[in-house]
Amino acid sequence: MNLPNRLTMMRIILVPFMVLFMLVHDIPYAYVWALIIFVVASLTDMLDGKIARSRNLITDFGKFLDPIADKILVISAMVCMIPDGYCHPLIVIVVLFREFIVSSLRLIAASQNVVIAAGKSGKLKTMSQMLSITAVLFLLSIEYAVDLSIDVVLIANVLLWITAAIALISCIDYIYHNRDMIKEM
């Protein structure tokens, strides 16, 4: 259990706390706490990969768990936004669709001893999701303290629909770049 893997585990452990703050609005400064937890968890995603590569600490456990931790974090945040209208359910469905397709491609590739590394479109997808969720949580944190007089629901949905579009484009990109493997099935 090296440092990058501990950071990945920490990201997963933080998720229930973020969910609690996002769903229980009676807790003082709930969205502020959710924002802090989400940002810290997102930073662990950046750090674990950099540390693993720079110190040659890449492990099979880390390769397996890191993308799962990202999905748990992002999808949990999006699902928690659904009840208050900050995230349309179709956004979550699109994101889940993309994740199932890409994960399936990776499993098929692994059965053929091929590794499908995260591509630029996948990294852009993750970055857009984390930035959008951070922005929404930031707006909700400010709205708690001050009356913003802006439509946070609209802004949140626009940002998250953009991330859904990027997720769909990323899915198409993964399918296109691995079409030869798919044809061999």
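- Taken to the nearest 0.5 Å, the CD1 atom of I142 stands 8.0 Å off from the CD1 atom of I150.
- In this structure, Y174 has no ring pair (Phe, Tyr, Trp, His ring centres under 6.0 Å) partners at least two apart in sequence or on a different chain.
- Placement of V102 and Y176 in two distinct hydrophobic clusters is found when ILVMFWY residues are connected by side-chain heavy-atom separations under 4.5 Å, directly or transitively.
- Follow the hydrophobic side-chain contacts under 4.5 Å out from V15 and you never reach L47; the two are in separate clusters.
- Contacts of K50 classified as side chain to side chain contact (heavy atoms under 4.5 Å, CB included), with partners at least two apart in sequence or in another chain: R53.
- Residues forming a side chain to side chain contact (heavy atoms under 4.5 Å, CB included) with A110 (at least two apart in sequence, or on another chain): none.
- Around CZ of F61, the count of heavy atoms belonging to other residues, nucleotides or ligands within 6.0 Å exceeds 12.
- Scanning both residues, M18 and S76, for their nearest heavy atoms gives CE-CB, 4.0 Å.
- Paired with D48 under the rule side chain to side chain contact (heavy atoms under 4.5 Å, CB included), one option of L57, T8, N2 passes, and it is T8.
- With rounding to the nearest 0.5 Å, the separation of CG in L73 from CE in M78 is 10.0 Å.
- Transitive grouping of hydrophobic side chains (ILVMFWY, heavy atoms separated by less than 4.5 Å) keeps L107 and L65 in distinct clusters.
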Name each donor-acceptor pair under 3.5 Å that joins a side chain in residues 27-44 to protein atoms two or more places apart or in another chain, with its distance.
{"from": "Y31", "atom 1": "OH", "to": "D84", "atom 2": "OD2", "distance (Å)": "3.3"}
{"from": "S42", "atom 1": "OG", "to": "F38", "atom 2": "O", "distance (Å)": "2.9"}
{"from": "T44", "atom 1": "OG1", "to": "R11", "atom 2": "NH1", "distance (Å)": "3.1"}
{"from": "T44", "atom 1": "OG1", "to": "A41", "atom 2": "O", "distance (Å)": "2.5"}

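- When all heavy atoms are compared, the tightest approach of P4 to I51 is CG-CG2, 3.7 Å.
- We find the OG1-CE distance between T59 and M1 to be 8.5 Å, quoted to the nearest 0.5 Å.
- In this structure the side chain of R55 reaches within 4.5 angstrom of the side chain of L3, judged on heavy atoms.
- Using a 4.5 Å heavy-atom threshold, the side chains of I75 and L96 count as touching.
- The OG atom of S54 sits 9.5 Å away from atom CG of N56, with the distance rounded to the nearest 0.5 Å.
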Would you be so kind as to tabulate the donor-acceptor pairs closer than 3.5 Å made by side chains of residues 152-172, with sequence neighbours excluded?
{"from": "N157", "atom 1": "OD1", "to": "H88", "atom 2": "N", "distance (Å)": "3.0"}
{"from": "N157", "atom 1": "ND2", "to": "G85", "atom 2": "O", "distance (Å)": "2.7"}
{"from": "N157", "atom 1": "ND2", "to": "V153", "atom 2": "O", "distance (Å)": "2.9"}
{"from": "T163", "atom 1": "OG1", "to": "L160", "atom 2": "O", "distance (Å)": "2.6"}
{"from": "S170", "atom 1": "OG", "to": "R98", "atom 2": "NE", "distance (Å)": "3.2"}
{"from": "S170", "atom 1": "OG", "to": "R98", "atom 2": "NH2", "distance (Å)": "2.8"}
{"from": "S170", "atom 1": "OG", "to": "S121", "atom 2": "OG", "distance (Å)": "3.4"}

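- Remark: the backbone N or O of Q129 is not paired with any side-chain donor or acceptor of S132 at under 3.5 angstrom.
- Both I68 and V19 are members of a single hydrophobic cluster when ILVMFWY side chains are connected at heavy-atom separations under 4.5 Å.
- The line from CG of D66 to CE of M9 is 12.5 Å long, rounded to the nearest 0.5 Å.
- L7 and L14 fall into different hydrophobic clusters, where Ile, Leu, Val, Met, Phe, Trp and Tyr side chains are chained together by heavy-atom contacts under 4.5 Å.
- Counting heavy atoms from C-beta on, the side chains of D173 and K120 never come closer than 4.5 Å.
- Annotation: ring-ring contact (aromatic ring centres under 6.0 Å, His included) contacts involving residues 89-140, sequence neighbours excluded, are absent.
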**Study point:** Stepwise side-chain contact (heavy atoms from CB on, under 4.5 Å) test for M22 and L140
**Key:** CA-CA 10 Å; M22 289 183 76; L140 292 170; over 6 Å; no

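- The CD1 atom of I58 lies 10.5 Å from the CG atom of N5; values are rounded to the nearest 0.5 Å.
- Counting only heavy atoms from C-beta outward, the side chains of M127 and L124 approach each other to under 4.5 Å.
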